[in-house]
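Sequence lines set the chain letters: A, B, ... in the order given, protein chains first and strands last, and positions in each chain run from 1. We use all heavy atoms of the structure for the numbers below, so side chains are in, but hydrogens, waters and symmetry mates are not.
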Amino acid sequence: MKKVDIEKIVEILDNYYPMHVMEDTYTGQPYKALVSCLLSLRTRDEITFPVAEKLFQAADNPCKMINLSYEELCEKIKSINYYKTKAENIQTISRILLEKYNGEVPSTMEELLAFRGVGRKTANIVLSVGFQKPAIAVDTHVHRISNRLGLVSTKTPEETEFALREILPKKYWRKWNQIMVLHGKNTCKPITPLCKTCPIIEYCNQVFS
DNA sequence: AAAACGGGGGC
DNA sequence: GCCCCAGTTTT
């Protein structure tokens with residue numbers, strides 16, 4: 001096992017990838033963070049982002065969102081997968097926000113997980129990006145790379161989330177997702193990782209030839 | 001624990 | 001055309 005140096009890994013990757021992830025656009029905006037996550041379920045950010053931006057031009061709050069007809073909403077987001085289910089979830093959740101939460105997005109894990117379509121990843125993004133609370137959002141990038149690095153040894157994203165809580169300094173709980181997503185998309189890819197150009201290869205436990 | 005779900009983009 | 005990608009719900 002190579003030595004795991006979290007501080008160094010964060011520093012290197014943070015400088016190596018100057019771009020940012022989609023959710024950063026919605027920092028401090030829980031509703032947009034939530035809806036963009038609902039849209040991006042099992043969909044790549046570069047596909048989701050333009051659709052999300054276009055949707056927010058028409059409806060950037062729950063009130064406007066439910067004033068769109070289901071058909072209008074579907075029309076706006078139909079270029080992404082599961083769009084019918086996603087449209088339904090977005091409108092159902094928006095309706096509940098208005099009826100039960102005074103139009104605001106709740107800020108606890110428990111309340112967020114109660115929504116159809118919201119799992120731990122989405123809830124944690126809403127908490128960390130929308131509300132800027134300490135939370136670890138684990139998607140497939142975070143899960144895969146945290147394991148390849150030998151930082152954790154876990155089978156499910158949920159296990160990864162809990163394991164990371166024990167070893168990641170709290171100041172990196174948000175940043176870890178950002179840099180893992182960028183690293184995962186650009187270098188540490190699922191099937192054919194580009195280990196030859198990897199900036200943190202010296203910290204990695206699972207180098208592919 | 002494993003499967004089902006549905007669409008875009010790269011080649 | 002075929003392969004790659006990606007969270008949540010359901011079985």
Side-chain angles (χ1 to χ4, degrees), chain A residues 17 19-26 30-55 70-71 73-97 105-106 108-130 135-148 152-165 173-174 176-195 197 206 208:
Chain A
Y17 300 110
M19 54 287 243
H20 48 71
V21 298
M22 176 175 68
E23 287 89 1
D24 289 344
T25 310
Y26 308 122
Y31 185 70
K32 287 189 177 182
L34 172 59
V35 173
S36 68
C37 274
L38 291 168
L39 288 173
S40 73
L41 186 128
R42 241 169 109 75
T43 310
R44 309 213 273 300
D45 279 3
E46 56 269 32
I47 314 269
T48 309
F49 185 61
V51 175
E53 284 295 286
K54 209 174 148 197
L55 173 60
Y70 175 72
E71 289 72 22
L73 180 52
C74 281
E75 182 60 29
K76 292 189 189 307
I77 68 173
K78 70 175 175 0
S79 58
I80 58 180
N81 53 0
Y82 313 108
Y83 68 91
K84 296 191 199 75
T85 306
K86 289 173 178 179
E88 196 179 319
N89 288 341
I90 289 170
Q91 292 205 309
T92 303
I93 292 174
S94 297
R95 221 167 266 123
I96 296 173
L97 294 184
V105 178
T108 69
M109 171 66 70
E110 191 186 6
E111 290 169 303
L112 289 166
L113 287 180
F115 294 129
R116 166 71 51 103
V118 175
R120 297 199 69 85
K121 187 264 184 174
T122 298
N124 278 313
I125 288 288
V126 171
L127 293 175
S128 67
V129 177
I136 301 175
V138 178
D139 59 11
T140 55
H141 296 301
V142 176
H143 180 60
R144 179 181 70 255
I145 304 174
S146 297
N147 273 283
R148 282 181 179 168
V152 300
S153 184
T154 51
K155 288 183 68 178
T156 68
E158 182 172 345
E159 289 176 55
T160 302
E161 181 190 331
F162 293 135
L164 286 176
R165 269 190 207 169
W173 281 18
R174 166 75 188 110
W176 195 252
N177 176 275
Q178 298 173 311
I179 62 178
M180 289 299 102
V181 169
L182 293 175
H183 190 49
K185 286 170 46 152
N186 294 290
T187 305
C188 198
K189 303 182 180 189
I191 306 290
T192 54
L194 311 178
C195 299
T197 59
Q206 193 180 350
F208 295 69

A/H143 vs C/dA6: side-chain N/O to OP1/OP2 distance below 4.0 Å: no
Atom pair distance, as rounded to whole Å: CG in A/D139 and C1' in C/dA6: 9 Å
Under-4.0 Å salt bridge between A/E161 and A/R165: yes
Euclidean distance for P, B/dG9 against C/dT8 (whole angstrom): 23 Å
Least distance between heavy atoms, A/V152 atom then A/A163 atom: CG1-CB, 3.7 Å
Gap between atoms CD1 and P, on A/I80 and C/dG7 respectively (whole Å): 13 Å
A/L164 side chain near A/S146 side chain, heavy-atom distance below 4.5 Å: yes
Pairwise side-chain contact, A/R144 with A/H141, heavy-atom cut-off 4.5 Å (strictly under): yes
Beyond-backbone contact of A/V51 with A/T43, side-chain heavy atoms, under 4.5 angstrom: no
side-chain contact (heavy atoms from CB on, under 4.5 Å) between A/K189 and A/F208, intermediate numbers included: CA-CA 11 Å; A/K189 303 182 180 189; A/F208 295 69; over 6 Å; no
Integer-rounded Å distance: C/dT8 P and A/Y82 OH: 12 Å
Nearest-Å distance for atom pair CG/P, residues A/L39 and C/dA6: 17 Å
Nucleotide C/dA6, atom C1' - distance to NZ of A/K185 in whole Å: 12 Å
A/N147-A/T154 side chain donor-acceptor pair, cut-off 3.5 Å: yes
d(CE, A/M180; P, C/dA6) in whole Å: 14 Å
Touch class at under 4.0 angstrom, heavy-atom based, for A/T156 against every strand present: nothing
Which pairs, protein N/O on one side and nucleotides 9-11 of chain C N/O on the other, fall under 3.5 Å?
{"unit_1": "C/dT9", "atom_1": "OP1", "unit_2": "A/G117", "atom_2": "N", "d": "2.6"}
{"unit_1": "C/dT10", "atom_1": "OP1", "unit_2": "A/R116", "atom_2": "NH1", "d": "3.3"}

pair A/M22-A/S40: side-chain heavy atoms closer than 4.5 Å: yes
Set of salt bridge (charged side-chain N to carboxylate O under 4.0 Å, His left out) partners for A/K78, sequence neighbours left out: A/E75
A/E46 atom CD, neighbour heavy-atom count above 12 within 6.0 Å: yes
A/E161 CD - C/dG7 C1' separation (whole Å): 13 Å
Secondary-structure notation, DNA chain B, from Watson-Crick and G-U pairs under 3.5 angstrom (| other strand): |||||.|||||
Residues from residues 41-51 of chain A lying under 4.0 Å of DNA chain B - heavy atoms: A/R42, A/R44, A/I47
Inter-nucleotide P distance (B/dC11, C/dA6), Å rounded: 16 Å
Student check: side-chain heavy atoms of A/N186 and A/L194 closer than 4.5 Å: no
side-chain hydrogen bond (donor to acceptor under 3.5 Å, both in side chains) involving A/Y83 - partner list, sequence neighbours excluded: none
Boundaries of the chain A footprint along DNA chain B (any atom under 4.0 Å from a heavy atom): B/dC5 to B/dG9
Min side-chain heavy-atom separation A/D139-A/I125 under 4.5 Å: no
Heavy-atom closest pair, residues A/V35 and A/I90: CG1-CD1, 4.0 Å
Length of the NZ-P vector between A/K189 and C/dC4, whole Å: 13 Å
Check against side-chain contact (heavy atoms from CB on, under 4.5 Å), A/W176 and A/V142: CA-CA 8 Å; A/W176 195 252; A/V142 176; 3.9 Å; yes
Sugar-phosphate only, base, or nothing, as touched by A/P190 at under 4.0 Å among non-hydrogen atoms: sugar-phosphate
Sugar-phosphate only, base, or nothing, as touched by A/T122 at under 4.0 Å among non-hydrogen atoms: sugar-phosphate
C/dT11 to B/dG6 separation - P atoms, rounded to the nearest Å: 14 Å
